[in-house]
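Order of the sequence lines fixes the chain letters, A, B, ..., with proteins taken first and strands second; residue numbering starts at 1 for each chain. Since the model is a prediction, treat every value here as computed from it, not as a measurement.
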Amino acid sequence: MNTVPWLTILGAVPLVGSAVVALLPKGRDLIAKQVALVFSLATLALTIVVALQFDGGSSQPFQFIESVPWIPAFGISYGLGVDGIGLVLIALAATLVPVVILAGWRDVEDTPDARGSVKGYFALILALETTMIGVFAATDVFLFYVFFEVMLVPTYFLIGRYGGPQRSYAAVKFLLYSLLGGLFMLAAMIGLYVVSAQGGQGTFNWFDLAGMDIDPTTQKMLFLGFFFAFAIKAPLWPFHTWLPDAAGAAKPGTAVLLIGVLDKVGTFGMIRYCLPIFPAASEFYAPVIIALALVGLFYGAFVALGQGDMKRLFAYSSMSHFGLIVLGIFVFTTIGQSGSVVYMVAHGLSTAALFLAAGFLMQRNRGSSLIADYSGVNKAAPVLAGFFLFGALATLALPGLVSFIGEFMVLLGSFQRFLWVGAIATLGIVITAAYALRLYQRTMTGPVGPGLEGIGDLRGREITALMPVVALTILLGLYPAPVLNVVNPAIDNVMSSIGATDPAPVLGSTGTSSEGTEQ
Amino acid sequence: MEQIMPATGAFSLIWVLIALPLAGAAVLLLGGRMTNKWGPYLGVLTVVGSAALGVVMLLQMMGLPAEDRSIQQVAYRWVFADGLSVDMAFRLDQLSMVFVLLITIVGSLIHVYSLGYMEHDPDRRKFFGYLNLFVAAMLLLVLANNYLLLYVGWEGVGLASYLLIGFWQVKPSAAAAAKKAFIINRVGDVGLGLAIMVMFVTFGSVTFADVFGQASAASEGTLTAIGLLLLLAACGKSAQFPLQAWLLDAMEGPTPVSALIHAATMVTAGVYLIVRSNAIFDRAVWAATAVVVVGLITVFMGAIIGSAKDDIKKSLAGSTMSQIGYMITAAGLGPIGYVFAIFHLLTHGVFKAGLFLGAGSVMHGMNDGVNMRRYGALRKVMVITTITFFIGYLAIIGIPPFAGFWSKDEIIHAAFEKGPVIGALLILGAGITGFYMSRMVAMTFFGKARWEDDVHPHESKAVMTIPLIILAIGSTVLGMALLFWGHIEEWLEPVTGIATAPSPLSTAATIGISLAFVIVGASIGWIMYLRREVPITAPRGSLLTRAARRDLYGDDVNEVLVVRPSYWLSRVLVWFDRAWVDGFVNGIAAFVGGFSGRLRRYQSGFARSYALSMVGGAVLVVLALLLVRLS
């Protein structure tokens, strides 16, 4: 046990920042931005401090544990703690927030009909960061639920106040859809509490719940409540239609946080809550979920192939990738689940690279996200085109980039369990390449399109925002150990909590000897 | 069981071989405009540095006994989870050694040549950056000690190829060709990816040492599956039937790229993959047979396309397909053929690079024109290019003592050891090679000048002709040098194994017959294209000629079978998603929210949509469920 409540501090810093920014006098926009950036960077620095203290080799999967009774009557506590999975997702959020702040430096000014102020925009982003940290750090189901729902508020305003033409429709759709999912989760959570109370004192404590032995029939019912909420959040086919609207209406920065981090709450929830608390139900539903994941993988990819709007294309591409992540979780292999977590991080980074580069482009052309409005950008803005291509390559999981590590591990883990599922999912890499490169071809190559000759190339601020994302994508692709070292023990824990074991290689001896030691 | 030695001496620098050009690429691509001036020279230097290091390693390796020549260097643990552990680790053995030398030495020459060829291109810094990236990736491909790391190199060269084919991406045709190359290669990558997965679930490891060491314990069905999947990968990268359609379009790239990537090195990666995996193919008869069949089909497809094209680069590209077909065929022959597949790969790497650079030199003097019908009589104005190209010509058609003679003859001989039909077909292929290459040389350098009005051909500068001369010397002596001085068979034997079988034809008879076919083919070519003046507009041609001009309908087949159905499906799903899935959701919202007015507007036919969408969704789910159940 540590004495410093690191996670509380970590969550509080952006919240304080948000309050400071919001309380700044009107009209001091530059200061608001600078303060927001400083707070986001401070959060990132703190995250690094926490991550460095995290001991991947420890026998304790959860570290930095805090627990304070909150509503003792219902066994609700303010409980925080992270395992490797929570840690890397918090790190992802903490990395992307300063990136998004820097990238969105002039977002509000460039939206003439925005209904909110500059400081409001950045205050909302920081507030959102607090809820993201909270949701990944909560070890009390009720606390998790609170963060899960509160998170909707800043997101709703970010879309509804600062988004594009369709923003009201998109924001309401996002909110209603999420609330519906939350409602089911709430019901299931109450059910879970009732079940836990049968053995004496009821609790929302994750550690107690994960250790409970709930009878399979009850599990099957409660599982669905949680899963439905997560499937909407992720989103899994066919609960996805809010995402293209939301991503299409949101500012690129908001969309990056929405797709890159918020949607991960869904897949994170599956691996943290559905699996360990309802192992029997997870096993029972796995075939259906794998089927939905596969359908989503291909469905998203094919719809992305036919999209005429870049932002919607990114949304469908993400939906396809969420299919892959969910697949990796529900094949119940160590490699698949580790791969899913790596892919969650990788997808956050690749989404940021592609969406922000596209955002910089759209900003230069009256905000149009129509692919048909662009052509030959590479000639006019080669640096922008270069980052855009990098984003496309990260999306198609080019080997050498971190998305490849995640994707390949998921495919391998799936193949290990269900040969044909893995084999069919692998075919997806062709369609992914097709839509990613087709997008690049149509927008960036060929003769320069009308009205695009004069668009300037990326400026220092924009390059600065993109560089960390690019660097991390490459570095973690070549050296994924910082992620794998903390994620793998957490996955071992998940695997043992659901009682799953990996299929052994056909030829007995396991190949841990990667060196060719046989003489 | 093979012995794997730790990396000592110069071998401790194996990683530097890759790191040098990679650093060059990073500096050139990230350095921005300030590197414009000296960047290209840095690009050349990094590759020359790797080449020098490669030579030092060769010398050190030659000093070792044959069984100690497999060197391993482990950098760090790369991808791991319970039961999975893959290192960032390199393996330098006799096979990767010859590849390192081919890549870095030919790569150096082509880098130097590009200094002249790309002199006036505004983006030449980027060009050299991509070229460096390619060299680094290709070295990684051949130096990886496991299949997953090989995959990184495999896609890395694909990326470099994509970037360089589309180097002049302002041209829509170049951008389209680049995308096509990448996507077709991705189909091959599915094969490689799945092969790695099968290996992992079978052997629990993906390192060469573990896979090959346990191969004998695996079932033949498994090995056949791995072999066929690897073949699919090889078909993509090496432009073999049925994934050949991208290579001809790839000629949109600058000519040095065609020489280095699409002739000498990258496209031969498929041959490397198969020969490297000999432990698999030796135990999978059907997979090996499939390799031979694919190779033979491509020998003829390439040769026929090469015979019909008027574009000098596309004709050479057809020739490359065909020559790689020879290598693939040889690789499919098993231990009888592995070393000769590599032997031909090396000689071809040199003479085909020379031919492509020669074509580039011609184009340089012809305002980038590629149409051989507008060439002619260039021997009078481009003496060095003509002589070096002619040497390359003699090498590729297999006239003794030029390089291609030795390597092609060995393949034909090995083919006869396996089966007379294979051997006979390869001899026939050699005849067609004689034809199309003679046609090319006759149309380009001989006959009357058919130049366009504003074209004033001239010999290229020394920076371009010197690489041509060096490659011409290589095309002359490399065959003999490798065979008689380098003892290529003994050199590779510890990696690939070697075997001989009695042949129905004596060596002398094989040589005699194949030379006769070559001479007949060549004579037809010379007579057809020298006796009469070459018409400037192509005659209509026979059915076969017309088919060959359309790449034997490769694109049309892809279009009908894959591209159009994909876009059709994509459009249907876009519509389905908007009208039905989203419509369903909004419909529910409408019900729940009681937006009766809105509902009324949608009402006609809405219920039907629900029903259909639910049926559609249910069918999908059931199908997917069946899939899970089946496995």
Side-chain angles (χ1 to χ4, degrees), chain A residues 176 238 241 287-288 290-292 294-295 299 302-303 305-307 334-335 338 376 378-379 398-400 405 409 411-412 415-416 418-424 426-427 429-430 433-434 437-438 441 445-447 479-481 484 488 492 502 505-507 509-516 518-519, chain B residues 1 3-4 72 74 76-77 79-87 151-152 155-156 159 166 169-170 172 175-176 179 182-183 186-187 189-190 193-194 197 200-205 207 209-210 213-214 217-218 566 569-571 573-574 577 581-582 585 589 617 620-621 624-625 627-628 630-631:
Chain A
L176 286 181
T241 56
V288 184
I290 289 172
L292 288 176
L294 262 188
V295 169
Y299 185 96
F302 272 111
V303 176
L305 190 62
Q307 277 303 316
T334 312
I335 299 172
S338 279
N378 179 55
K379 185 86 180 161
L398 187 83
I405 310 269
M409 286 176 78
L411 295 174
L412 181 59
F415 189 84
Q416 223 184 341
F418 306 109
L419 191 143
W420 286 106
V421 171
I424 287 173
T426 305
L427 294 175
I429 70 170
V430 180
L437 295 182
R438 185 163 187 259
Q441 183 198 5
T445 71
Y479 187 67
L484 291 174
N488 283 339
D492 290 344
D502 290 314
V506 175
L507 299 179
S509 73
T510 50
T512 39
S513 72
S514 54
E515 289 83 8
E518 69 241 72
Q519 302 281 314
Chain B
M1 187 103 328
Q3 181 106 359
I4 293 186
Q72 173 161 275
V74 181
Y76 53 84
R77 221 165 158 226
V79 184
F80 52 91
D82 261 10
L84 170 74
S85 179
V86 184
D87 287 342
Y151 197 168
V152 175
E155 285 270 295
L159 170 67
Q169 51 182 257
V170 163
K179 183 189 72 173
F182 198 100
I183 293 173
R186 271 257 148 166
V187 177
D189 295 346
V190 170
L194 287 175
M197 293 178 207
F200 179 76
V201 299
T202 310
F203 305 112
S205 169
T207 61
D210 291 344
Q214 298 178 78
S566 301
L569 178 62
S570 152
R571 275 195 301 273
L573 285 180
V574 168
D577 198 62
V581 181
D582 201 30
V585 169
L620 278 175
V621 172
L625 271 174
L627 206 71
V628 179
L630 283 176
S631 52

(message) Less than 4.5 Å apart, side chain to side chain, heavy atoms only: is that true for A:Leu427 and B:Val190?
(response) yes
(message) When you compare the side chain of B:Asp577 with that of A:Phe302, does any pair of heavy atoms fall below 4.5 Å?
(response) no
(request) Sort out for me which of A:Ala423, A:Pro399, A:Gly422, A:Gly306 touches chain B most, counting heavy-atom pairs under 4.5 Å. (result) A:Pro399
(request) Name the region of A:Gln416, side chain, backbone, both or neither, that has any atom closer than 4.5 Å to a heavy atom of chain B. (result) both
(request) Pick whichever of A:Leu398, A:Leu484, A:Asp502 has the most heavy-atom pairs under 4.5 Å with chain B. (result) A:Leu484
(request) Could you tell me which of A:Thr334, A:Leu437, A:Asp492 has the largest number of non-hydrogen atom pairs under 4.5 Å with chain B? (result) A:Leu437
(message) Which atoms of A:Ser338 are under 4.5 Å from chain B, going by heavy atoms: the side chain, the backbone, both sets, or neither?
(response) side chain
(message) Just so I understand: if I count every heavy-atom pair under 4.5 Å between each of B:Leu569, B:Leu194, B:Val152, B:Val170 and chain A, which residue has the most?
(response) B:Val170
(request) Taking the side chain as every heavy atom from C-beta outward, state whether A:Pro480 and B:Phe80 have any pair of such atoms under 4.5 Å apart. (result) no
(request) Check whether A:Leu305 gets within reach of chain B through its side chain, its backbone, both or neither, counting any heavy atom under 4.5 Å. (result) both
(message) To the nearest 0.5 Å, what is the distance between CG on B:Asp210 and CG on A:Leu507?
(response) 11.0 Å
(request) State whether the side chain of B:Arg186 and the backbone N or O of A:Ile429 hold a donor-acceptor pair below 3.5 Å, judged by distance alone. (result) yes
(message) Given heavy-atom pairs under 4.5 angstrom as the criterion, report whether the side chain, backbone, both or neither of B:Tyr76 touches chain A.
(response) side chain
(request) Provide the closest heavy-atom pair for A:Met409 versus B:Ala81 in the form atom of the first, atom of the second, distance. (result) CE-CB, 4.0 Å
(message) As an exercise: rank B:Val79, B:Leu159, B:Asp82 by heavy-atom pairs under 4.5 Å with chain A and give me the winner.
(response) B:Asp82
(message) I'd like to check A:Thr426 versus B:Met197 (side-chain heavy atoms, cut-off strictly below 4.5 Å). Are they in contact?
(response) yes
